[in-house]
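Below is one structure, written out as structure tokens; comments come after it.
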Amino acid sequence: PYVCYASRANSIAVRANGRVNKCTVALTNPANDIGSILPDGRLDIDSNKLAPWLGGISSLDDAYLGCPASKVLHAPPVT
């Protein structure tokens, strides 16, 4: 099955403002904002916000792997 880049643990999108996202399509959705790059260059990733994006890996659900945003962005907000 097709596996979206956002389903992959080693794939992130770095925004011009230093924020880190998983999906390059849902740029304005708060659930897509999973962290930031710190001034010293280290990544500060919120593991609670990252976990839903990786759910397809543990479930092996083809639809989840194909587009995790379809599950994550319709889920309740992660705090």
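Both backbone and side-chain heavy atoms feed into the values below; hydrogens, waters and symmetry mates do not. These figures come from a predicted structure and were not determined experimentally.
- For I45, the side-chain contact (heavy atoms from CB on, under 4.5 Å) test picks out V20, I34, L43, L50, with sequence neighbours left out.
- A side-chain hydrogen bond (donor to acceptor under 3.5 Å, both in side chains) check over residues 50-66, counting only residues at least two apart or in different chains, returns nothing.
- With hydrogens and angles disregarded, no donor-acceptor distance shorter than 3.5 Å links the side chain of D46 to the backbone of G35.
- Cluster partners of V25 are Y5, counting Ile, Leu, Val, Met, Phe, Trp and Tyr whose side-chain heavy atoms approach within less than 4.5 Å, directly or via other members.
- Evaluation of the side-chain hydrogen bond (donor to acceptor under 3.5 Å, both in side chains) rule for R15 yields N21 as partners, not counting sequence neighbours.
- Membership of an apolar cluster is not assigned to Y2, as no side-chain contact below 4.5 Å to another ILVMFWY residue is traced.
- For the side-chain hydrogen bond (donor to acceptor under 3.5 Å, both in side chains) test, residues two or more places apart in sequence or in another chain that qualify with D40 are R42.
- With rounding to the nearest 0.5 Å, the separation of OG1 in T24 from CD1 in I12 is 12.5 Å.
- Listed here is the closest heavy atom pair of A26 and L73: CB-CD1, 3.3 Å.
- When all heavy atoms are compared, the tightest approach of R8 to K22 is O-NZ, 2.6 Å.
- Between P52 and K71, the closest side-chain pair of non-hydrogen atoms is not below 4.5 Å.
- Summarising the geometry, atom CG belonging to D44 is positioned 5.0 Å from atom OG belonging to S36; distances are rounded to the nearest 0.5 Å.
- Every residue two or more places apart in sequence or in another chain that forms a side-chain contact (heavy atoms from CB on, under 4.5 Å) with S7 is listed here: V3, C4, L65, P68.
- Using modelled atom types, one side-chain atom of S70 and one backbone atom of C67 make a donor-acceptor pair closer than 3.5 Å.
- With sequence neighbours excluded, the residues satisfying salt bridge (Lys or Arg N to Asp or Glu O under 4.0 Å) with R19 are D33.
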